[in-house]
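Quick notes on the structure that follows.
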Amino acid sequence: MRVSLSDDPIEEVKVAKEILKDCNLYKKSPTLVSCPTCGRTQIKLIPIAKEVEGFLQTIESDIKVAVMGCAVNGPGEAREADIGIARPE
């Protein structure tokens, strides 16, 4: 499979894996779910999500990890995650 992006070739591999996962053709890769941030977010969520994403690149397992910026939406949006990271109240 070839995916072309105007970015680092590593990003092409990541996108190709996501496409294969969405087609149920590849299952040994974690999924990261992160909130889009809003006024309730009181932490620097984007660097945390990027750090978790980097770590997940080393994992070969079909798990879902959710990174949420508040405890309001975190439980709902992370309901189907195997691991949830949220800012405590």
Side-chain angles (χ1 to χ4, degrees):
M1 173 178 285
R2 176 78 166 120
V3 175
S4 295
L5 300 176
S6 297
D7 205 342
D8 188 306
I10 297 293
E11 297 303 316
E12 293 179 351
V13 173
K14 290 179 188 177
V15 171
K17 279 187 180 180
E18 288 301 317
I19 292 170
L20 291 172
K21 281 173 39 181
D22 289 342
C23 295
N24 291 320
L25 297 172
Y26 186 75
K27 297 184 181 198
K28 291 187 176 185
S29 177
T31 300
L32 175 64
V33 177
S34 181
C35 72
T37 70
C38 69
R40 287 188 299 266
T41 304
Q42 296 179 4
I43 59 172
K44 293 183 179 183
L45 182 76
I46 295 170
I48 294 169
K50 288 183 182 274
E51 183 177 349
V52 171
E53 181 180 35
F55 174 74
L56 291 178
Q57 297 297 314
T58 67
I59 304 296
E60 288 190 16
S61 180
D62 183 22
I63 62 170
K64 185 180 281 189
V65 178
V67 178
M68 300 295 135
C70 73
V72 174
N73 290 335
E77 293 184 39
R79 182 178 309 125
E80 296 182 22
D82 298 299
I83 299 170
I85 302 168
R87 179 191 171 275
E89 287 299 317

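This chain uses plain numbering: 1 for the first residue, then up along the sequence. All of these numbers come straight from a predicted model, not from anything done at the bench. Below, all heavy atoms of this structure are taken into account, side chains as well, without hydrogens, waters or symmetry copies.
Between Asp62 and Asp82, the shortest heavy-atom contact is O-OD2, 4.2 Å. Looking at every heavy atom in both residues, Gly69 comes nearest to Cys35 through N-SG, 3.3 Å. Of all the heavy atoms in Lys64 and Glu80, the pair that sits closest is CD-O, 3.9 Å.
The side chain to side chain contact (heavy atoms under 4.5 Å, CB included) search around Lys50 returns Ile46, not counting sequence neighbours. Residues passing the salt bridge (charged side-chain N to carboxylate O under 4.0 Å, His left out) test with Glu51, sequence neighbours excluded: none.
Glu11 is listed as a side-chain neighbour of Lys14, based on a closest heavy-atom distance under 4.5 Å.
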Under the side-chain contact (heavy atoms from CB on, under 4.5 Å) criterion, do Val33 and Met68 qualify, and how do the steps go?
CA-CA 8 Å; Val33 177; Met68 300 295 135; 4.0 Å; yes

side-chain contact (heavy atoms from CB on, under 4.5 Å) evaluation trace for Thr41 with Ile43:
CA-CA 6 Å; Thr41 304; Ile43 59 172; 4.2 Å; yes

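Cluster membership check: Ile63 shares its hydrophobic cluster with Ile48, using side-chain heavy-atom separations under 4.5 Å among Ile, Leu, Val, Met, Phe, Trp and Tyr. Val67 and Ile83 end up in the same hydrophobic cluster when Ile, Leu, Val, Met, Phe, Trp and Tyr side chains are linked at under 4.5 Å.
Proximity of a side-chain donor or acceptor of Lys21 to a complementary backbone N or O of Pro30 within less than 3.5 Å is detected. Glu12 contributes a side-chain N or O that, together with a main-chain N or O of Leu5, makes up a donor-acceptor pair within less than 3.5 Å.
Annotation: Tyr26, atom OH; neighbour count of heavy atoms from other residues, nucleotides and ligands within 6.0 Å is above 12.
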